[in-house]
Novice: 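First the structure, then my questions, so here it is.
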Number of protein chains: 2
Amino acid sequence: MKKEKQERSEACNHTLLAIRDTMELLSGKWKVQIIGTLIMTEKLKFMDLKRTVGGIGAKMLSKELQELEINQLVKRTVCNTKPITVEYEITEYGKSLQKVIYEIGAWGVQHRKHLFNSTSEYVLLNEKEDTTGVFQTC
Amino acid sequence: MKKEKQERSEACNHTLLAIRDTMELLSGKWKVQIIGTLIMTEKLKFMDLKRTVGGIGAKMLSKELQELEINQLVKRTVCNTKPITVEYEITEYGKSLQKVIYEIGAWGVQHRKHLFNSTSEYVLLNEKEDTTGVFQTC
DNA sequence: CAGGATCCTTTACGATACTG
DNA sequence: CAGTATCGTAAAGGATCCTG
């Protein structure tokens, strides 16, 4: 293998590892949506977050939020109410994911258009399902 | 709910659906890495792709590639060799994911730096494991 | 309300062996 | 070589009940 090629391959490898890292943090059915929601809203109560994300169960939301908190992407604040209430917000570090999330969202939007334009019998996934959600802060 | 708020909530909802769509297409442990690899290389034989991605089994790779092909993100070409050989490359449409993939990679890179700077006993995931990989086209 | 504990179902993933 | 088929395991996801 020529040296030039070797260098290129190392750059690739490096990027692939980075991709792997990121995807590991964002793994799980809901993480990206949660982060996206929090980036768009800044500070939501647990139940509002649940409603906004839509479709996620309380246990899942709770679990995913814990993982995100461990990775310093979201901040959890317990409010002094009765009964207890918890607010979640994106951290400064979490905001560094903004571009990533934005691109993902933007691609999704144009992808729908693509489907719409390329076939007549397309299937739109994730059609507004149970969007009974009320947005408090969003 | 005030009208203004309602509009905002619909915009959010729209974006969240889009995010969901994208993540659905990119679901699976390897899809993003595969696309990333193909975006960086343009045209790889099955085995080379397998080596480049690193760690993935043949069955998985095959399956993920099929799903990507169905979504028109990669193109599969059977070569007239003996025994048969198959080449994969990113499609034009697949290239539309370039920005997404780039941002994911870039974030992963800076995230490593973040870990490095914020703690002394950090854990680097995905350390070069079995990178016995030889890059042919990459 | 937030979230832990349990239990259960369903995928995802992977190792192995086999075929054109 | 590039898959497919089969099987087994592990993880993810979800429903329900329970408590401070």
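Naming convention: chains lettered A, B, ... in sequence-line order (proteins, then strands); numbering from 1 in each chain.
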Novice: Side chain of Q66(A), heavy atoms from C-beta onward: which of dC13(C), dG3(C), dG13(D) has the nearest atom to it?
Specialist: dG3(C)
Novice: Hey, does the side chain of N117(B) reach the backbone of K113(B) with a donor-acceptor pair shorter than 3.5 angstrom?
Specialist: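 Indeed, once roles are kept as given, a pair shorter than 3.5 Å links the two residues.
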Novice: In whole angstroms, how far is the P atom of dA2(C) from the CG atom of D48(A)?
Specialist: 8 Å
Novice: Does OP1 or OP2 of dG3(C) have a side-chain N or O of R76(A) closer than 4.0 Å?
Specialist: yes
Novice: Assign each of P83(A) and I56(A) to its nearest nucleotide of DNA chain D by heavy atoms, then name whichever residue's nucleotide is nearer the 5' end.
Specialist: I56(A)
Novice: Look at the side chain of Y88(A) and decide which nucleotide, out of dG3(C), dC1(D), dA2(C), has an atom nearest to it.
Specialist: dG3(C)
Novice: Base, sugar-phosphate, or nothing: which does E87(B) touch, judged by heavy atoms less than 4.0 Å apart?
Specialist: nothing
Novice: Taking the six-membered ring for Trp, are F116(B) and H111(B) ring centroids under 6.0 Å apart?
Specialist: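 No, too far apart.
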Novice: Considering only dA2(D), dG4(C), dC7(D), which nucleotide approaches the side chain of S62(A) most closely?
Specialist: dG4(C)
Novice: Once you round it to whole Å, what is the distance between P of dC13(C) and CD1 of I34(B)?
Specialist: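 Going from CD1 in I34(B) over to P in dC13(C) covers 10 Å.
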Novice: Grab the NZ-P distance between K50(A) and dG13(D) for me, whole Å please.
Specialist: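 After rounding, the gap between these two atoms is 16 Å.
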Novice: Measure from CD on E67(B) to P on dT11(C) and round the result to the nearest Å.
Specialist: 13 Å
Novice: Among dC1(D), dG13(D), dA2(D), which nucleotide sits nearest the side chain of K63(A)?
Specialist: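 Output: dG13(D).
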Novice: Can you confirm whether Y93(A) is buried at OH, in the sense that more than 12 heavy atoms of other residues, nucleotides or ligands lie under 6.0 Å from that atom?
Specialist: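 Counting other residues, nucleotides and ligands, OH of Y93(A) exceeds 12 neighbours.
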Novice: Select base, sugar-phosphate, or nothing to describe what K82(A) touches, counting heavy atoms under 4.0 Å on all strands.
Specialist: nothing
Novice: Output the rounded distance in Å from CG (L61(A)) to C1' (dG3(C)).
Specialist: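 It is 10 Å, rounded to the nearest whole Å.
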Novice: Picking from dG3(C), dA2(D), dC7(D), which would you name as closest to the side chain of K59(B)?
Specialist: dC7(D)
Novice: Mind calculating the distance between CE (M60(B)) and P (dT16(C)) to the nearest angstrom?
Specialist: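 From M60(B) CE to dT16(C) P: 15 Å.
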Novice: Starting at CG of L65(B) and ending at P of dC1(D), how long is that distance when rounded to a whole Å?
Specialist: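 Roughly 16 Å, once rounded to whole Å.
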Novice: Evaluate whether atom NZ of K31(A) has more than 12 neighbouring non-hydrogen atoms of other residues, nucleotides or ligands under 6.0 angstrom away.
Specialist: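 Correct, the count exceeds 12.
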Novice: Base, sugar-phosphate, or nothing: which does M47(A) touch, judged by heavy atoms less than 4.0 Å apart?
Specialist: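 Sugar-phosphate only.
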Novice: Looking at dC1(D), dG3(C), dG14(C), which one has an atom nearest to any side-chain atom of W30(B)?
Specialist: dG14(C)
Novice: To the nearest Å, give me how far apart CD (E64(B)) and P (dA2(D)) are.
Specialist: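 Value for this atom pair: 17 Å.
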Novice: Is E69(B) paired with K75(B) through a side-chain N to carboxylate O contact shorter than 4.0 Å?
Specialist: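 Salt bridge absent between K75(B) and E69(B).
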